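Heads up, the thing below is written out as structure tokens.
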Amino acid sequence: MAAGYRTSLFWIWLTLLLALSLQVMPLAEGWQIWRPDWLGLMLIYWCMSAPDRVGVLHGFVLGLLLDLIEAAPLGQNALLLSLLAFLAALVYPRFRAYSLLQQALLVLVLLGLVQLVEQWLRTLFGSFSMHLAFLLPSLIGAVLWPWWTTMFQAFERRLAGGE
């Protein structure tokens with residue numbers, strides 16, 4: 001990246017809203033469990049790539065938007081994405097030093113913890129499930145992480161070179 005280059009808030013919000021639209025895109029009944037947590041992946045990426053510009057507040061606002069779109073109990077996704085952004089900020093100093101494989105494993109842990117808290121909240125609100133299929137989006141997100149982060153770093157380099 002160019003020295004002194006800061007990612008614009010427009011680009012950050014554009015990618016976060018794109019991830020939000022991918023998150024709520026309708027899928028066939030059997031395919032919903034295979035959908036990666038696009039919003040979680042993007043939030044982790046920006047919390048690691050631009051920690052001074054993206055944080056818990058972004059997770060909270062995106063979570064409220066997701067609650068409104070999905071008609072979930074108001075604040076459920078806001079709490080989950082805020083927790084994800086907080087955990088990402090907690091591991092940020094170590095995360096940048098890890099290889100892509102180690103980062104993918106850490107993404108698996110972060111997304112898995114948030115999915116576990118989400119499942120716990122769902123049991124409190126009524127819809128209870130006993131199988132571990134709710135962890136599939138975390139696993140798919142961890143597999144996608146190396147490609148995801150490489151693609152967005154290339155986009156950022158291109159944006160930095162264009163200015």
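This structure is a prediction, so every number in the text was calculated from the model and none was measured. Along the sequence shown, residues are numbered consecutively beginning with 1.
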Test your reading of the model: is there a side-chain donor-acceptor pair from Glu70 to the backbone of Asp67, 3.5 Å cut-off?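 Between the backbone of Asp67 and the side chain of Glu70 there is no qualifying donor-acceptor contact (under 3.5 Å).
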
Q) Do you know the tightest heavy-atom contact between Ala72 and Asn77? A)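 The answer is CB-ND2, 4.0 Å.
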
message: For Ala104 versus Pro146, what's the shortest heavy-atom pair and its separation?
response: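 Smallest heavy-atom distance, with atoms named: CB-CD, 4.2 Å.
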
*asked:* Walk me through whether Leu84 and Leu113 qualify under side chain to side chain contact (heavy atoms under 4.5 Å, CB included).
replied: CA-CA 9 Å; Leu84 182 61; Leu113 281 172; over 6 Å; no

Please round to the nearest 0.5 Å and tell me the distance separating atom [atom1] of [X] and atom [atom2] of [Y].
X      : Y      : atom1 : atom2 : value
Leu74  : Leu79  : CG    : CG    : 11.5 Å
Leu90  : Cys47  : CG    : SG    : 11.5 Å
Ile140 : Leu108 : CD1   : CG    : 11.5 Å
Leu106 : Leu101 : CG    : CG    : 11.5 Å
Trp13  : Thr15  : CH2   : OG1   : 10.0 Å
Ser49  : Met42  : OG    : CE    : 10.5 Å

Beyond-backbone contact of [X] with [Y], side-chain heavy atoms, under 4.5 angstrom:
X      : Y      : answer
Trp147 : Met151 : no
Arg122 : Phe134 : no
Gln115 : Asp37  : yes
Val61  : His58  : no
Arg53  : Trp46  : no
Leu100 : Thr150 : yes
Arg35  : Pro137 : no
Ile44  : Met48  : yes

Those residues at least two apart in sequence (or on a different chain) that pass ring-ring contact (aromatic ring centres under 6.0 Å, His included) with Phe95 are Trp145

Can you classify the ring geometry of Tyr45 versus Phe152 as parallel (below 30°), tilted (30 to 60°) or perpendicular (above 60°)?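 The rings of Tyr45 and Phe152 sit tilted, inter-plane angle from 30° to 60°.
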
Tell me whether [Y] is reachable from [X] by hopping between hydrophobic residues (I, L, V, M, F, W, Y) whose side-chain heavy atoms are closer than 4.5 Å.
X      : Y      : value
Ile33  : Leu66  : yes
Val117 : Val107 : yes
Leu43  : Leu68  : no
Ile69  : Phe60  : no
Leu105 : Val109 : no

Per-pair distances, 0.1 Å, donor-acceptor, side chain in residues 17-27, under 3.5 Å, sequence neighbours excluded:
| residue | atom | partner | partner atom | Å |
| --- | --- | --- | --- | --- |
| Ser21 | OG | Leu17 | O | 3.4 |
| Ser21 | OG | Leu18 | O | 2.7 |
| Gln23 | OE1 | Trp38 | N | 2.9 |
| Gln23 | OE1 | Leu39 | N | 3.2 |

Show, in sequence, the C-alpha distance, side-chain angles and deciding distance for Leu81 and Val114, and conclude whether the side chain to side chain contact (heavy atoms under 4.5 Å, CB included) test is met. CA-CA 8 Å; Leu81 290 176; Val114 170; 5.9 Å; no

Donor on one side chain, acceptor on other, Thr149 and Gln103, under 3.5 Å | no

Take Leu80 and Leu121 through the side chain to side chain contact (heavy atoms under 4.5 Å, CB included) test and state the conclusion after the steps.
-> CA-CA 10 Å; Leu80 294 170; Leu121 286 173; 4.1 Å; yes

